[in-house]
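This report refers to the structure that appears directly beneath it.
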Amino acid sequence: MKATVYKGNGTFSVIDKKLEAPKSDEVRIKVAYTGVCGTDVHIYHGMMDKRVAIPQTIGHEMSGTIDAIGENVSEYSIGEKVVVRPLDDRLVKASDKGYNHICADLKFIGIDSPGSMQQYWNVPAFVLHKLKPETDLKLAALIEPLSVAVHDVKLSGLVSGETAVVLGGGPIGLLVALVAKHAGANVIISEVNEARIKKAAEFGLQAVNPTKTDIVELVREQTEGRLADVVFEVAGVQPALDIMTELAGIRGRIVMVAIHGEKKPVDLFKFFWKELKLIGARVYEKEDYEKAIALITANELPFEKMITDVQPLSNIQQVFESIDKNPSGLKVLMDCQL
């Protein structure tokens, strides 16, 4: 079988690998598609070399069908369409308070262990979620990032009729905006990339460039002075941190979606003055995956517009190089059988 490996120094290789039978508690998946995640791009840039065991097969946004089943697995059948929720929580402890998705010793499959950028992938059966037979496997490869958005919106406590501002119109920002709008919110996206602003319009979303439009005044005008009920910080840059407390209205909630690897200044006075809440959000829970699967299955939202390119697995090096040259692109899928 064909597999890819990250070798460090911005280099991937395509190798031939022996097809392995699944262990007693595993299934083997014939991988259909794998999406390239922002984390994968960080790995490509060497930003996670201390964590990733090199050489390593990466990838976790995927879809596929069950190809073989281990002895102790009874709840799945060969040929079933599935996705993987790539969280290995087998080291969960009582001190984790039952929050397995953020347990202290959580291992992320596709980063801390081999991932889905290969033709066949052996995984523990407990990470699987079933799909309906009619599910489009290209769209199903979006379930993992969509689950992130579902989790973010759930934690925000957003209800119909509220105003939500999404800072950052990349793939996750757009998915957060779509889920928030689906929940009945009035959604405004703040994004500096003009190509992504146009893409947001294709999704039926309002997006503005904060370097050209005073977004605080815009939100104030659209809310009769109340400002935003919820602000999702997805951009991960200092200007977003600076504006988020300005955008949030009285008792507004700010959801920290972006990953900030270093300490950064935040206007804490605004938290006191307006009784704001700051909510951390990390990955997803089982219920978020099931909600994302339901959204993909219903196909009432324009998820197909998220997929801007599909490339064969054998082109992995060119794919990562091209992502750097095309910052306006959204989701690139790897066809793992080519």
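We're numbering straight along the sequence, starting at 1.
- Heavy-atom minimum distance, Leu155 versus Gly280: CD1-O, 3.6 Å.
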Exercise for review: Take Ile29 and Asp67, measure what side-chain contact (heavy atoms from CB on, under 4.5 Å) needs, and give me the verdict at the end.
Suggested key: CA-CA 5 Å; Ile29 300 172; Asp67 175 71; over 6 Å; no
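- Summarising the geometry of Asp88 relative to Leu106, their closest heavy-atom pair is O-CD1, 3.7 Å, with the distance given to 0.1 Å.
- In terms of modelled atom types and a separation under 3.5 Å, the side chain of Gln222 and the main chain of Val219 share no donor-acceptor contact.
- Exactly one residue among Asp40, Thr11, Asp49 makes a side-chain hydrogen bond (donor to acceptor under 3.5 Å, both in side chains) with Tyr6. That residue is Asp49.
- Here the options are Asp96, Val92, Leu91, the test is side-chain contact (heavy atoms from CB on, under 4.5 Å), and the partner is Asp105; only Leu91 passes.
- In terms of modelled atom types and a separation under 3.5 Å, the side chain of Trp121 and the main chain of Gly115 share a donor-acceptor contact.
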Exercise for review: Carefully, step by step, assess Arg226 and Glu162 under the rule salt bridge (charged side-chain N to carboxylate O under 4.0 Å, His left out).
Suggested key: CA-CA 10 Å; Arg226 295 187 305 274; Glu162 289 191 317; over 6 Å; no
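- The number of heavy atoms from other shown groups lying within 6.0 Å of NZ (Lys93) is above 12.
- Residues Ile69 and Ile78 meet the side-chain proximity criterion, which asks for heavy atoms closer than 4.5 Å.
- A donor-acceptor contact closer than 3.5 angstrom is absent between the side chains of Thr163 and Thr223.
- Between Lys325 atom NZ and Glu321 atom CD the span is 6.0 Å, to the nearest 0.5 Å.
- Both cation-pi conditions hold for Lys130 and Tyr76: the charged atom is under 6.0 angstrom from the six-membered ring centre and inside a 45 degree cone around its axis.
- Under the 3.5 Å distance criterion, the side-chain polar atoms of Ser63 are matched with a main-chain donor or acceptor of Leu137.
- Screening residues 149-160 for side-chain hydrogen bond (donor to acceptor under 3.5 Å, both in side chains), with sequence neighbours left out, gives His151-Asp288, Lys154-Glu285, Lys154-Glu287, Lys154-Asp288.
- Taking the six-membered ring wherever Trp is involved, the centroid distance between the rings of Phe320 and Phe12 falls below 6.0 Å.
- In this structure, Glu304 does not pair ionically with Lys331, as no charged nitrogen and carboxylate oxygen lie closer than 4.0 Å.
- In the hydrophobic clustering of ILVMFWY residues, with side-chain heavy atoms under 4.5 Å counting as a link, Leu205 and Val150 come out together.
- One N or O on the side chain of Lys181 and one on the backbone of Gly204 form a donor-acceptor pair closer than 3.5 Å.
- Taking the six-membered ring where the residue is Trp, Phe269 and Trp273 present parallel rings, their angle staying beneath 30° rather than reaching 60°.
- Annotation: side chain of Leu174 is in contact with side chain of Ile189 (closest heavy-atom distance under 4.5 Å).
- Counting heavy atoms of neighbouring residues, nucleotides and ligands inside a 6.0 Å radius, atom CD of Glu202 exceeds 12 of them.
- Residues Thr4 and Leu313 have side chains in contact (heavy-atom distance under 4.5 Å, counting atoms from C-beta outward).
- Taking every heavy atom of both residues into account, Ala125 and Val73 meet most closely at CB-CG2, 3.8 Å.
- Between the CG atom of Leu131 and the OG1 atom of Thr297 there is a distance of 6.5 Å, given to the nearest 0.5 Å.
- For Val31 against Cys336, the heavy-atom pair with the smallest separation is O-CB, 3.4 Å.
- Side chain of Asn193 to main chain of Arg196: a donor-acceptor pair is present (N/O by atom type, distance under 3.5 Å, no hydrogens or angles).
- Counting only heavy atoms from C-beta outward, the side chains of Leu241 and Glu233 approach each other to under 4.5 Å.
- For NZ of Lys264, the number of neighbouring non-hydrogen atoms (other residues, nucleotides, ligands) closer than 6.0 Å is greater than 12.
- Sorted by first and then second residue, the side-chain hydrogen bond (donor to acceptor under 3.5 Å, both in side chains) pairs with a member in residues 133-145 read Glu144-Tyr284; sequence neighbours excluded.
- Judged purely by atom type and a 3.5 angstrom limit, Arg253 uses its side chain to pair as donor or acceptor with the backbone of Gly157.
- For Lys23, the NZ atom sits in a loose shell: 12 or fewer heavy atoms of surrounding residues, nucleotides or ligands are nearer than 6.0 Å.
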Point to revise | Candidate pair Val234 and Val166, rule side-chain contact (heavy atoms from CB on, under 4.5 Å), full reasoning | key: CA-CA 7 Å; Val234 195; Val166 180; 3.9 Å; yes
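- With hydrogens and angles disregarded, a donor-acceptor distance shorter than 3.5 Å links the side chain of Gln119 to the backbone of Lys2.
- In terms of heavy-atom proximity, Met62 sits nearest to Val83 at O-CG1, 3.3 Å.
- Note: Gln56 CD to Met48 CE = 11.0 Å, rounded to the nearest 0.5 Å.
- Checked against salt bridge (charged side-chain N to carboxylate O under 4.0 Å, His left out), Lys50 has no partners two or more places apart in sequence or in another chain.
- The distance from the OG atom of Ser147 to the NE2 atom of His101 is 12.0 Å, given to the nearest 0.5 Å.
- Counting heavy atoms from C-beta on, the side chains of Leu128 and Val27 come closer than 4.5 Å.
- Nearest heavy atoms, Pro133 versus Lys81: O-NZ, 2.8 Å.
- Annotation: side chain of Phe203 is in contact with side chain of Lys305 (closest heavy-atom distance under 4.5 Å).
- Other residues, nucleotides and ligands contribute over 12 non-hydrogen atoms within 6.0 Å of the NZ atom of Lys17.
- Side-chain N or O atoms of Glu191 include none that pairs as donor or acceptor with a backbone N or O of Glu194 at under 3.5 Å.
- Other residues, nucleotides and ligands contribute more than 12 heavy atoms inside 6.0 Å of the CG atom of Leu19.
- Once rounded to the nearest 0.5 Å, the distance linking CG of Asp229 with CG of Leu158 reads 8.0 Å.
- Proximity of Leu178 to Pro302: side-chain heavy atoms (C-beta onward) are separated by under 4.5 Å at one or more points.
- Within the 3.5 Å criterion, the main-chain N or O of Ile58 finds no donor-acceptor partner in the side chain of Gln118.
- For Tyr33 (side chain) and Leu142 (main-chain N/O), no donor-acceptor pair under 3.5 Å exists by modelled atom type.
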Point to revise | Pair Asp112-Arg51, salt bridge (charged side-chain N to carboxylate O under 4.0 Å, His left out): steps then yes or no | key: CA-CA 7 Å; Asp112 301 311; Arg51 179 176 174 182; 2.7 Å; yes
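- Counting heavy atoms from C-beta outward, Met117 and Ile316 have side chains that approach closer than 4.5 Å.
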Exercise for review: Could you walk me through whether Leu333 and Asp309 pass side-chain contact (heavy atoms from CB on, under 4.5 Å), step by step?
Suggested key: CA-CA 6 Å; Leu333 300 185; Asp309 195 14; over 6 Å; no
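- More than 12 heavy atoms of other residues, nucleotides or ligands sit less than 6.0 Å from atom CZ of Phe126.
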Practice item. Show your reasoning for whether side-chain contact (heavy atoms from CB on, under 4.5 Å) applies to Ile197 and Asn209. Key: CA-CA 8 Å; Ile197 291 174; Asn209 187 333; 3.7 Å; yes
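- Distance check, rounded to the nearest 0.5 Å: NZ of Lys270 to CD of Glu275 gives 15.0 Å.
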